[in-house]
Amino acid sequence: MKELARAYNPQETENKIYKLWEKSGFFNPDVLVKKSIIKKTAKPFSIVLPPPNVTGTLHMGHAAMLAIEDILIRYHRMRGERTLWIPGTDHASIATESKVEQILIKKEDTTRHELGREEFLKRVHAFAKESHDGIMHQVKKMGASLDWSREAYTLDEDRALAVQTAFAKMYTEGLIYRGDRIVNWDPKMQTTVSDDEIEWKEQQTPFYYLKYGPFTIGSARPETKFGDKYVVMHPKDKRYTQYKQGEQIELDWIGGRITATIIKDTSIDMDFGTGVMTITPWHDKTDFDIALRHNLDTEQIIDQKGKLLSVAGEFAGIHIKKVRPLLARKLDAMGLLEKVDENYTNRIATNSRGGGVIEPQIMRQWFIDVEKEFPFPHAGLPGVEKGQSTTLKKLMLHVVKTKQIEILPKRFEKTYFHWIENLRDWCISRQIWFGHQIPVWYKDKEIKVGATSPTGEGWEQDPDTLDTWFSSGLWTFSTLGWPKKTKDLQTYHPTSVLETGYDILFFWVARMILMSTYLVGEIPFRTVYLHGLVRDEQGRKMSKSIGNVIDPLTMIEKYGADATRLSLIIGAAPGNDLKLSEDRVRGYRNFANKLWNIARFVQMSTQDFARESPLQSEGDSLAKLSKEDTKILSDFTKIKKEVTKLIEEYRLAKAAETLYHYTWHIFADKVLEDSKKVLEDTKTKSSRQYILLLVLGDLLLLLHPFTPFVTEEIYQQLLLTDNKDPLMVQKWPI
RNA sequence: GGGCAGCUAGCUCAACGGUAGAGCAUCGCGUUUACAUCGCGAGGGUUACAGGUUCGAAUCCUGUGCUGCCCACCA
């Protein structure tokens, strides 16, 4: 046994230790079974890593995610469970594509359309590969004990098979359909975006009051109003009782004399403006719904590039961004402009992935129908019989309402229910190139679904790709081999915990529940643990533009991975945002060093102690313990029990804090200080030596999930006997 | 407009019905053979505000005020 260095040096330790773990093969539960470290029949515990996007680098949110999941994984592994944690990355179609497009413009002054689909995709794949390697390197730096032999990618071959199978199944069932519906169109990126990817921004715009026959209508966007020929009011509005549903009136409008039709609809807010509005169904969701209810004509006003069509007469071909002042002048000259309110706050929909202003359009797209009734195809999901009629929406509600899935913290269950209740059909087709191309083939009026072209000439595959969340939705089971009936799928699904940020509860968590219940007939996971956002010390979001980003890799280099992990765990209750500062990380670096020096002290004070195995239970030495030492031991036993209970309850912050406090302020400050005297008395010496070794050994075990590197290093240098496995797979001491 | 969370020592948070705690920061003292990435000690809070329930309330109830977040088709 060599002497420990004066201070703990994470930089020298961490890479070495991670390599040791990897070499052992113990991240893979199969190896643990083979080497009889765990029983084949042991209870499975599984987590699938939320796949980081291959768009860039790891941020503190990822680091927090890795820390939490690794703690759970290491804890359950030490409890002897058959523990699996699967790594992977997400191709993140739209985010990655837009990133590469930006690089192309900046570096080569070219666009994807100029390059062509094939060449562009080559570039994206190369970028994704590089990005992947960087990210996975960072994941390892955090100490994550992932089973690398099972690594997955949302765009690899196995996952493609899962996507195609899922699509085909849902299409056959009629849960996926193609239709002309109003979608969120991003004219800048030339693609649709889902409702959830929209970010609303407030903007001060002029608000125009226009004369529409006998009515006054208000609009913040007069440039959409060219084709308006329906005027809508509430059926109960007393001001307009003389107008009847379907009544036609003649009036002067932008392009000349038109015939307008009166529509009565309860969606109108009588208190807003004049209580009357005209509708533009092609470019507004509300208007589209009204048109649908009353079976009205729809007409496109704006093309997909954002330019006005011929209906705009003299304004045709002008981009909507430029047309407003020109139009306002004309309306004024025609006497149609009654008033302009200059300080109106309008909400603009933008694409959160690329920043383009959304222009709703009616387009032919692919959708998942969340309301359609179908017979449930599986047996074994509690509360839903095989063959029972249900909908995707009902399934999503059912499994959470019946507590088959538990969401932590609980308050997010309400948010989840509310979201589902408002859920509309999910538009899954995107006009981008990077992603799973829709497995549908067309020839004249024929349509076929499948991964490869049907036999015969003239088949064309749908050029669109699927929303990235379609493949992410399959993640818990596609990573385990579905649609093949693999051993892994049988053993590890449903997964135990899904740990992710509360900001993607809807995007992702809800969609996994949808896909898993329908396709596998199982819940995807039992517990959803939602962590908060990592913010700067003033509580601001970390962002490049503010320049307040704390990089996990920098923190690891300066203070070590263990310190970085603790700084992200302590003080972070589920669902609550965490304020992080470099000072915090520094503080926990000190803790790692403290632990190191505790080990040094114990080492120095016990060199003459005839040691059996301190990691074994108290055993027969118990009888010889002094009164003080018995007390130390019983206090420590309480800590062990408490920490175990806290981890089981997912109160990791409290568990880590309890250990931190015990280690430093009880064990070091009280027990060790006291030992300086106790060890000088030959009557009390050996009892105390025994206790020091015992508590240190167990403390290393308890702390290992939280600070894996320093605990493993101490164990390796101090306590490991030749034929023993690393601390990582030693038994939890309770 | 609807909903959710928070408001406790300078800062970050814990106590969730029984005399208000920790870490960091501050100040004083100390040690240099476990650790200065250290030890001992001190100061510092009518727990946002106003009512109520209770023998007793940060803790339960009602209301108010801020702060933050989410949802929503006000043209």
Side-chain angles (χ1 to χ4, degrees), chain A residues 3-10 182 195-196 200 207-210 217-222 224-225 228 231-233 265 267-280 284-290 344-347 349 360 409-419 421-424 502-503 505-506 532-533 535 537-541 558-560 563 566-567 570-573 575-581 583-584 586-605 651 653-654 657-658 660-661 664-665 668-670 672-673 675-676 692 696:
Chain A
E3 262 180 46
L4 295 182
R6 274 181 73 84
Y8 172 59
N9 184 338
I182 191 149
D195 292 349
D196 309 282
W200 293 88
F207 191 80
Y208 302 85
Y209 290 91
L210 307 175
I217 59 161
S219 177
R221 301 197 58 198
T224 64
K225 303 263 120 199
D228 288 12
V231 56
V232 192
M233 58 210 70
D265 194 282
S267 69
I268 299 296
D269 179 358
M270 287 186 269
D271 299 328
F272 185 83
T274 55
V276 177
M277 69 176 203
T278 62
I279 56 167
T280 316
D284 186 287
K285 205 166 266 182
T286 314
D287 296 2
F288 179 81
D289 287 344
I290 293 172
Y344 176 76
T345 308
N346 199 19
R347 294 186 350 120
K410 213 171 158 35
R411 71 185 123 98
F412 281 100
E413 284 183 5
K414 268 188 215 160
T415 325
Y416 174 82
F417 292 138
H418 186 249
W419 182 81
E421 275 148 23
N422 289 313
L423 185 63
R424 294 158 165 259
Y502 64 75
D503 52 330
L505 175 63
F506 306 138
L533 264 44
R535 298 171 174 279
E537 52 192 316
Q538 291 163 52
R540 297 173 303 182
K541 240 178 163 166
K558 281 173 93 164
Y559 307 110
L566 279 182
S567 75
I570 295 183
N576 284 9
D577 293 352
L578 174 76
K579 290 180 192 164
L580 184 73
S581 63
D583 272 349
R584 269 176 71 88
R586 192 180 296 124
Y588 294 116
R589 185 265 321 255
N590 296 354
F591 174 74
N593 188 58
K594 187 74 187 180
L595 182 65
W596 181 262
N597 276 287
I598 288 170
R600 276 188 77 199
F601 178 86
V602 173
Q603 179 191 36
M604 289 174 188
S605 333
R651 297 175 63 191
K654 191 80 179 146
E657 206 183 311
T658 303
Y660 176 99
H661 187 259
W664 200 319
H665 301 297
D669 291 349
K670 300 284 188 309
L672 261 51
E673 289 304 323
S675 298
K676 287 172 184 171
L692 290 181
L696 174 65

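Letters go in sequence order (proteins before strands), and every chain restarts at 1. It should be emphasised that the depicted structure is a prediction, and the values quoted were computed from it without experimental measurement.
- At the heavy-atom level, Glu673(A) lies under 4.0 Å from base atoms of the strands shown.
- Between the CZ atom of Arg586(A) and the P atom of rU12(B) there is a distance of 18 Å, rounded to whole Å.
- Nucleotides rU64(B) and rG2(B) place their P atoms 12 Å apart, quoted to the nearest Å.
- When atom types are taken as modelled, the side chain of Asp287(A) and the backbone of Ile279(A) share no donor-acceptor pair closer than 3.5 angstrom.
- Across the protein-nucleic acid pair, Tyr416(A) atom OH and rC4(B) atom C1' stand 18 Å apart, rounded to whole Å.
- Proximity of Arg6(A) to the phosphate of rC35(B): a side-chain N or O atom is located under 4.0 Å from OP1 or OP2.
- Atom CZ in Phe601(A) sits about 10 Å away from atom P in rC35(B), given to the nearest Å.
- Classified by its glycosidic torsion, rA50(B) falls in the anti category, the angle being over 90° from 0.
- With both ends at atom C1', the span from rA25(B) to rG44(B) equals 12 Å, rounded to whole Å.
- Position along RNA chain B of the nearest nucleotide to Glu537(A) versus Arg600(A) favours Glu537(A) as the more 5'-ward residue.
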Can you check each nucleotide of nucleotides 24-29 of chain B against protein heavy atoms at under 4.0 Å and return B for base, S for sugar-phosphate only, - for none, in 5' to 3' order?
-> ------
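- Summarising the geometry, the separation between NZ on Lys670(A) and C1' on rC35(B) is reported as 17 Å, rounded to the nearest angstrom.
- Phe272(A) and Phe207(A) have perpendicular rings, their planes meeting at more than 60° on a 0 to 90° scale where under 30° would count as parallel.
- Spacing between rA15(B) and rC55(B) at atom C1', rounded to whole Å, works out to 22 Å.
- You'll find the ring centres of Tyr660(A) and Tyr588(A) inside the 6.0 Å limit.
- Annotation: rA14(B) and rA48(B) have their P atoms spaced 14 Å apart (nearest Å).
- Between Glu673(A) and Lys676(A) there is a salt bridge, with a side-chain nitrogen of the basic residue lying less than 4.0 Å from a carboxylate oxygen of the acidic one.
- Look at CG on Leu672(A): it is 12 Å from P on rC40(B), rounded to the nearest Å.
- Remark: Asn9(A) engages Glu12(A) in a side-chain hydrogen bond (donor to acceptor under 3.5 Å, both in side chains) (not counting sequence neighbours).
- Taking 4.0 Å as the cut-off between side-chain N and carboxylate O, Asp195(A) and Lys285(A) count as a salt-bridged pair.
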The dot-bracket string of RNA chain B, counting Watson-Crick and G-U wobble pairs with both distances under 3.5 Å, using [ ] for crossing pairs and | for pairs to another strand, is (((((((..((((....[..)))).((((((....).))))).....(((((..]....))))))))))))....
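- Looking at heavy atoms from C-beta onward, Met233(A) lies in side-chain contact with Val231(A) at the 4.5 angstrom threshold.
- Qualifying side-chain contact (heavy atoms from CB on, under 4.5 Å) partners for Ser219(A), counting only residues two or more places apart in sequence or in other chains: Arg221(A), Pro222(A), Lys225(A).
- In this structure, CG of Asn9(A) is placed 12 Å from C1' of rU37(B), rounded to the nearest angstrom.
- Residues that satisfy the side-chain contact (heavy atoms from CB on, under 4.5 Å) test with Lys414(A), not counting sequence neighbours, are absent from this structure.
- Whole-Å rounding puts the Leu4(A) CG to rC35(B) P distance at 12 Å.
- The closest side-chain heavy-atom distance from Glu537(A) to Arg584(A) is not below 4.5 Å.
- Comparing the C1' positions of rU37(B) and rA42(B) gives a spacing of 24 Å, expressed to the nearest Å.
- Distance alone, capped at 3.5 Å, is enough to place a donor-acceptor pair between the Asn593(A) side chain and the Tyr8(A) backbone.
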Listed pairs, N/O of protein and of nucleotides 69-75 of chain B, under 3.5 Å:
| unit_1 | atom_1 | unit_2 | atom_2 | d |
| --- | --- | --- | --- | --- |
| rC71(B) | O2' | His418(A) | ND1 | 3.4 |
| rA72(B) | N6 | Arg347(A) | NH1 | 3.2 |
| rC73(B) | O4' | Thr286(A) | OG1 | 3.2 |
| rC73(B) | O2' | Thr286(A) | OG1 | 2.7 |
| rC74(B) | O2 | Asp269(A) | OD2 | 2.5 |
| rA75(B) | OP1 | Tyr344(A) | OH | 3.4 |
| rA75(B) | OP2 | Tyr344(A) | OH | 2.4 |
| rA75(B) | O5' | Tyr344(A) | OH | 3.2 |
| rA75(B) | N6 | Asp269(A) | O | 2.9 |
| rA75(B) | N6 | Phe272(A) | O | 3.0 |
| rA75(B) | N1 | Asp269(A) | N | 3.3 |

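- Nearest nucleotide to the Ile598(A) side chain, out of rA34(B), rA14(B), rC35(B): rA34(B).
- Rounded to whole Å, the separation between the P atoms of rU19(B) and rA57(B) comes to 12 Å.
- Side chains of Ile290(A) and Met277(A) form a contact here, defined as non-hydrogen atoms less than 4.5 Å apart.
- Rounded to whole Å, atom C1' of rG6(B) lies 16 Å from atom CG of Leu533(A).
- Using a 4.0 Å heavy-atom criterion, one finds that Arg589(A) contacts the bases of the nucleic acid, with or without backbone contacts as well.
- The base of rC35(B) sits within donor-acceptor range of the side chain of Lys594(A), with an N or O pair under 3.5 Å.
- Of the two residues contacting RNA chain B, namely Arg584(A) and Asp669(A), the nearest-nucleotide position lying further toward the 5' end is that of Arg584(A).
- A heavy-atom distance below 4.5 Å is not found between the side chains of Leu533(A) and Leu578(A).
- When the P atom is used for both rA58(B) and rG17(B), the distance is 13 Å, rounded to whole Å.
- Distance check on atom C1': rC13(B) versus rU8(B) gives 9 Å, rounded to whole Å.
- With contacts defined as side-chain heavy-atom distances shorter than 4.5 Å, the pair Leu580(A)/Arg535(A) does not qualify.
- Using a 4.0 Å heavy-atom criterion, one finds that Lys676(A) contacts the bases of the nucleic acid, with or without backbone contacts as well.
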